[in-house]
Amino acid sequence: MPLAHRLDAALAPDPSRVIAQPYLAGRERVASVAARLAELPDEAVIAAAARVRADFGQRHDQLDASIEAHAGAALGLLFDGVRLDAVRRFVLGATFTAEYAVEAAALCNPSAMTHPDQSGLAADELRVALSLRCIGEGHLSTLGFVSAVIGGRSWRFQQRRRPLIGARATDGSGADTTFPATSDLGQRILLPGDADERNGIEDARFTEMSGAAPRYRATYTAYDGTTIRPRLLETDDLRSFRMGRLRGPGAQNKGMALFPRRIGDLHAALVRVDNESNFVSYSSDGYDWGTPVPVQRPRETWELLQLGNCGPPIETPQGWLVLTHGVGPMRTYCIGAILLDLDDPTRTIGSLREPLLEPAPAEREGYVPNVVYSCGAILHRSTLWIPYGISDSRIGVATVEVAELVSGLRRP
C-alpha cells in the first residue's frame, strides 16, 4: 500500500489564461492585408479598432503595446516602406495578433519552493511558490507559477490573477528577464526565448540554495522540436530571472536536478545521461558538469523501462532524500524514493521497493494517461508535501511523514 496520502487540493488548467502572440504569415500576406486596409473607409477601420480594444483590452496586459510591436514586425517584412495612419497600423497589428491559451492542453509537473513572501501567515503556516509546466496548442510548453499555503494538514492553492504577463529571454547564454514589481506571481509566464527552446520550456526543477546567492536555481529542458538541452534559470525573488546554458558530459539529457548546497567544494546534480538510470555529476562552477557516476539503475517492475528524479534532493539527518519516477508496463509513471549518503551522494543508502505514489483509478485519464509525476516536493514540519502532475492534465497534492518514509527504505 503506498505510503503517501492524497489531499483534497487540486489545480486544473484554465483555458481563459491567454497571452497575445504575433501571428505572422509571410511578406505577401502582410502586403495584401496592408493594401486592403488602405482602401477601407475610415469609419470601418475606427470601428474595428474600437471593437478590438473593447473585446480584448481587459484580457491582456498592455494590449496596445503588444499590437504595436506586432505591427512593427509585420511592416518590417515589407521592402517598399508601406505607411499607414495610426488607426490602420493598430488594426494591421491586431490582424497579425492571436490569443494563445498557455494551458489549454495541460497543466502539470509542479516544482515547490519556499515563497519569498512569508508575511501575514499563522505560526504553523508556510507560503509555497510552485512553478508549473503549462502546455498549449502545438504542445508548446511555457513556465508559469502559482502560490499555495500549507497550514496544519491542509494545502490551499491561491487564486491566480489575470491578465497574464509574458516575458522571454532572447539569449540563452545569459539573459535577464524582469516582470513588473506590481505583478503577482501567478500572472508571470516565462516564454521560450531563442531557437534552442522554440518548442518549449519544460519541467523546471527549482532548488532553494542553502546560504547562497542567487536564492533559487532551476534546471529546465529546452526543446527545439528535435533536440533537448538542459538549461539553467537563476533568481533571487521569482521576479527577475537570468537564463544560461549548461555544458559538459553531465548536462546532456532531461531531468537534471541540483543539490541545494555544495558537497565539499563542488556543486552536485542528479542527472540521467543514459535515458534510464540516475547518476550524480559534479561541477566546480555550476555550469560545466563532469562525467556522471551511476547511483541507481532500474530493478523493480514498476521502473522497468526507465528511472529519473522527481525533483531536487532534500537534506535530512539520515541522508539526501530523493523522490524518483519509474516507468513500467503500459508506460505507467509512479513516484518512488531513494536515500543517498550526505557526504558521498554517489552511494545509495536505501530505496523503496514499492511506489510511494502510483496513479489511482481516477488519475489514469488525461493528456498523457497513467502518469503521476513531480518536479519537486517541499519539507515542512517533518512532513514531505508533494505536488504532482496527474496524467499531464492537472495537479494534485500528497503528503508523507519523512520518518515513515525513511523507515520504509530498504538497503540496496
Side-chain angles (χ1 to χ4, degrees), residues 102-103 105-113 130-136 138-145 168-175 177 189-207 216-235 241-259 269-281 283 286-289 292 305-313 322-325 327 331 333 367-368 371 373-376 387-389 392 395:
V102 297
E103 55 196 58
L107 186 69
C108 57
N109 300 357
S111 177
M113 69 209 97
L130 293 94
S131 66
L132 308 169
R133 180 179 176 185
C134 309
I135 307 176
H139 196 73
L140 177 68
S141 295
T142 57
L143 181 61
F145 298 92
R168 69 181 79 234
T170 57
D171 178 4
S173 63
T177 299
I189 297 289
L190 279 171
L191 305 168
D194 64 18
D196 284 354
E197 56 191 34
R198 61 176 173 266
N199 277 61
I201 295 173
E202 301 181 357
D203 298 349
R205 286 162 162 82
F206 273 84
T207 304
Y216 308 99
R217 303 181 91 216
T219 54
Y220 69 93
T221 299
Y223 181 50
D224 66 6
T226 303
T227 304
I228 55 175
R229 297 175 177 86
R231 287 280 185 83
L232 184 67
L233 196 61
E234 298 176 298
T235 177
F241 296 86
R242 184 173 180 82
M243 284 99 160
R245 291 191 173 96
L246 298 174
R247 55 191 179 273
Q252 299 297 323
N253 209 317
K254 285 186 172 185
M256 189 176 190
L258 303 173
F259 284 70
L270 289 166
V271 298
R272 189 183 66 189
V273 293
D274 67 348
N275 291 313
E276 64 178 28
S277 305
N278 281 318
F279 295 73
V280 167
S281 178
S283 170
Y287 299 94
D288 193 351
W289 293 88
L305 182 65
Q306 68 187 51
L307 281 168
N309 69 71
C310 266
V322 178
L323 294 184
T324 64
H325 69 266
V327 186
R331 198 169 177 259
Y333 278 68
Y367 188 54
V368 181
V371 172
Y373 190 95
S374 180
C375 285
Y388 64 97
D392 281 14
I395 291 168

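Hydrogens, waters and symmetry mates play no part in the numbers below; they use all other heavy atoms, side chains included. Just so it is clear, the structure is predicted and the values come from calculations on it, not from any experiment.
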**Message:** Determine whether a donor-acceptor pair (N or O, by modelled atom type, separation under 3.5 Å) exists between the side chain of N309 and the backbone of N278.
**Reply:** no

**Request:** Check whether any side-chain heavy atom of R198 lies under 4.5 Å from a side-chain heavy atom of P192, and answer yes or no.
**Result:** no

**Fill in**
P110 and S374 have their tightest heavy-atom pair at O-OG, 3.7 Å

**Prompt:** Any chance the rings of Y367 and H139 have centres within less than 6.0 Å?
**Reply:** yes

**Asked** With a 4.5 Å heavy-atom cut-off, do I201 and L233 have their side chains touching?
**Response** no

**Prompt:** Salt bridge or not for D224 and R229, using N-O below 4.0 Å?
**Reply:** yes

**Prompt:** At what distance, to the nearest 0.5 angstrom, does CG of N199 lie from OG1 of T221?
**Reply:** 13.0 Å

**Message:** Would the distance check show the side chain of T142 and the main-chain N or O of L191 forming a donor-acceptor pair, the cut-off being under 3.5 Å?
**Reply:** no

**Request:** Decide yes or no for R205 and M256: does some side-chain heavy atom of the first lie under 4.5 Å from some side-chain heavy atom of the second?
**Result:** no

**Item:** M243 and L190: CA distance, side-chain angles, deciding distance, side chain to side chain contact (heavy atoms under 4.5 Å, CB included) verdict
**Value:** CA-CA 11 Å; M243 284 99 160; L190 279 171; 3.7 Å; yes

**Prompt:** About how many Å separate SG of C375 and CG of L323, when rounded to the nearest 0.5 Å?
**Reply:** 11.0 Å

**Message:** Would N275 and N253 count as a side chain to side chain contact (heavy atoms under 4.5 Å, CB included) here? Give the steps.
**Reply:** CA-CA 7 Å; N275 291 313; N253 209 317; 2.7 Å; yes

**Request:** For residues Y220 and E197, report the shortest heavy-atom separation together with the two atoms involved.
**Result:** OH-OE1, 2.9 Å

**Item:** Taking every non-hydrogen atom, the tightest pair across L143 and A204
**Value:** CD1-CB, 3.8 Å

**Request:** Step through the shown structure and confirm whether more than 12 heavy atoms of other residues, nucleotides or ligands are within 6.0 Å of CZ on R331.
**Result:** no

**Item:** Sub-4.5 Å side-chain heavy-atom contact between T219 and P230
**Value:** no

**Request:** Calculate, to the nearest 0.5 Å, the distance between atoms SG and CG belonging to C108 and D203 respectively.
**Result:** 6.5 Å

**Asked** Side chains of I395 and L107: does their closest heavy-atom pair fall under 4.5 Å?
**Response** yes

**Item:** Test item: F145 and F206 side chains (from C-beta on) under 4.5 Å apart, heavy atoms
**Value:** yes

**Prompt:** Looking at D194 and R245, what are the two nearest heavy atoms and their distance?
**Reply:** OD2-NH2, 3.5 Å

**Message:** Using only atom types and a distance under 3.5 Å, with no angle test, would you say the side chain of T207 pairs donor to acceptor with the backbone of P312?
**Reply:** no

**Complete:** For S283 and D288 the tightest heavy-atom approach is OG-O, 2.8 Å

**Item:** Closest approach of P313 to L258 (non-hydrogen atoms, all atoms of both residues)
**Value:** CD-O, 3.6 Å

**Sub-4.5 Å side-chain heavy-atom contact between H325 and Q306** = yes

**Prompt:** Would you call V280 and L270 a side-chain contact if the rule is heavy atoms closer than 4.5 Å?
**Reply:** yes

